[in-house]
Amino acid sequence: MRKEVTIYDLAKELNISVATVSRGLKNSEAVTKSTKKKILQKAAELGYRRNTFASNLRNKTSKTIGIILHELNSNFTTSVLTGIERVTAPAGYDLLITHSAENYEREVTNAMNLFHKRVDGIIASLAFTTKNLDHFSVFFDKNLPVIFFDRVDENSDRTYVIINNYNCGYDLTRHLIGQGCKKIVFLTANLGANVYAQRHKGYADALRDARILYDANLVMVKDLSENSGYQSALEILKMHPRPDGVIATNDFIAALCMRELKRHGVDVPQDIAIVGFNNDPISKLVDPQLTTVNYPGKDVGEIAARYLVNQLKGEGEQAEAHRIYIKSELIIRESSLRNIVNK
């Protein structure tokens, strides 16, 4: 294997001091432009790479932020990462992204790997099966900032960034009730996760406030895979009397369920009104276009990253917990408008 080129090698080749080479590589004004040019040319010629890791360790920082995600294949996740990068890149931080695939043990492993890689802080969204935050204690103990988003432990004393999922669930349900729906399916994932538990609570309370009996048989807990969208539709078709409304806790599942229902002759929204969640691009591509909740992932990412970077700059205390609620918005489209005659 070829030997790594060092600043000592550059100094020897150029017959100048190691200190001058070091300053030149850092674009110091103490080195003349012509000497800097020679240093950079020789560095490129010999394939010199600056050891930023060693440099950062000397400064007791890695300039790296660890990201723990529960999934990668979603528009929401992509939007969050975009928001994070908008803040961290100008601040000089690199991102180290890990993926738990909804598995607690893998999340624990990812957290420890990021700790041993000496990341300066963590931005995390928890897996379905995560029961506590014990695996983040190594960061808490060293006063390293950890910011949670979306999937969080709302009972913890840690900073997190979320939307008001309860209000979203309530508003979606009230909207369908306002369209004349009385038998509303709630298609969701693991109710142990805060996002789905709170949306479900909003759904249940909206039914109660409208004096509609809550029916546990209408709550369908799925894994939110592609197959679950089709299976949910088939289960709905077998119900008697048939439901007249469906709330799906993401747009992808709502779209798949709607397509399968339509394939079996169901008129959406007149027979069954359907709403989704997230305002993913698919919500505008399906016919009819999907009523949904706008969950601004970029805003979530930007705010989470800003809080973390501010703490790293000493502008915030890790011990101070912040509950940050991002504004969401109900977007009403044709898939739920039963009281409007389509032209």
Side-chain angles (χ1 to χ4, degrees), residues 1-69 78 80-98 110-124 136 138-147 159 161 298-299 301-320 322:
M1 185 173 66
R2 184 177 179 182
K3 177 180 174 293
E4 191 77 21
V5 177
T6 68
I7 60 174
Y8 298 96
D9 298 321
L10 296 178
K12 183 177 179 181
E13 287 282 335
L14 295 168
N15 197 27
I16 58 178
S17 70
V18 171
T20 299
V21 172
S22 179
R23 294 190 189 101
L25 291 170
K26 295 176 182 177
N27 198 29
S28 170
E29 294 182 359
V31 181
T32 65
K33 290 184 178 179
S34 61
T35 302
K36 286 180 190 176
K37 184 177 180 180
K38 291 178 182 178
I39 292 171
L40 293 175
Q41 286 178 339
K42 184 58 67 173
E45 177 188 329
L46 298 180
Y48 168 78
R49 294 188 301 174
R50 185 182 175 193
N51 192 341
T52 55
F53 181 73
S55 175
N56 288 334
L57 285 183
R58 286 193 293 271
N59 295 321
K60 297 184 178 180
T61 177
S62 68
K63 298 298 289 184
T64 302
I65 292 171
I67 310 293
I68 298 179
L69 303 171
T78 302
V80 171
L81 288 174
T82 299
I84 292 172
E85 198 271 341
R86 282 184 176 179
V87 174
T88 56
Y93 288 91
D94 294 323
L95 302 180
L96 193 54
I97 301 171
T98 65
N110 289 339
M112 291 309 302
N113 285 341
L114 291 172
F115 178 74
H116 290 303
K117 290 182 185 299
R118 297 176 179 267
V119 297
D120 295 333
I122 293 286
I123 299 175
F136 294 99
V138 290
F139 296 95
F140 302 149
D141 292 345
K142 287 189 173 293
N143 205 34
L144 297 173
V146 180
I147 310 294
T159 295
V161 182
K298 288 181 183 178
D299 293 348
E302 285 187 20
I303 291 174
R306 191 172 298 119
Y307 265 79
L308 187 139
V309 170
N310 285 344
Q311 288 189 9
L312 293 174
K313 291 179 178 178
E315 299 174 5
E317 293 295 331
Q318 172 69 2
E320 294 181 3
H322 298 274

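Note that this is a predicted model, so its numbers are computed, not measured.
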*asked:* Using side-chain heavy atoms (C-beta onward) and a distance below 4.5 Å, is Leu95 in contact with Ile123?
replied: no
*Determine yes or no for a side-chain-to-main-chain donor-acceptor pair under 3.5 angstrom, with Thr88 supplying the side chain and Ile84 the backbone.*
yes
*Verify, without hydrogens or angle tests, whether Thr159 (side chain) and His322 (backbone) share a donor-acceptor contact under 3.5 angstrom.*
yes
*From CA spacing to verdict: salt bridge (Lys or Arg N to Asp or Glu O under 4.0 Å), Arg306, Glu302*: CA-CA 6 Å; Arg306 191 172 298 119; Glu302 285 187 20; 3.7 Å; yes
*Please report the C-alpha distance between Phe136 and Ile122 in whole Å, then the side-chain angles of each, then the deciding distance to 0.1 Å, and finally whether the side-chain contact (heavy atoms from CB on, under 4.5 Å) criterion is met.*
CA-CA 9 Å; Phe136 294 99; Ile122 293 286; 4.2 Å; yes
*Okay, side chain of Thr35, backbone of Val31: is any donor-acceptor separation there less than 3.5 Å?*
no
*Please test Leu96 against Ile67 for side-chain contact (heavy atoms from CB on, under 4.5 Å), starting from the C-alpha separation and ending with a verdict.*
CA-CA 6 Å; Leu96 193 54; Ile67 310 293; over 6 Å; no
_Test item: Thr98 and Asn113 side chains (from C-beta on) under 4.5 Å apart, heavy atoms_ = no
*asked:* Tell me if a side-chain donor or acceptor on Asp9 pairs with a main-chain N or O of Thr6 at a distance below 3.5 Å.
replied: yes
*Is Leu10 close to Leu25 at the side-chain level, that is, under 4.5 Å between some pair of heavy atoms?*
yes
*With a 4.5 Å heavy-atom cut-off, do Leu308 and Val87 have their side chains touching?*
no
*Verify side-chain contact (heavy atoms from CB on, under 4.5 Å) between Lys63 and Asp94, making sure each step is shown before the conclusion.*
CA-CA 6 Å; Lys63 298 298 289 184; Asp94 294 323; 5.8 Å; no
*Does a side-chain heavy-atom distance below 4.5 Å link Glu13 with Leu46?*
yes
_I'd like to check Tyr48 versus Ile7 (side-chain heavy atoms, cut-off strictly below 4.5 Å). Are they in contact?_
yes
*asked:* Surrounding NZ of Lys36 (heavy atoms of other residues, nucleotides or ligands, distance under 6.0 Å), is the total greater than 12?
replied: yes
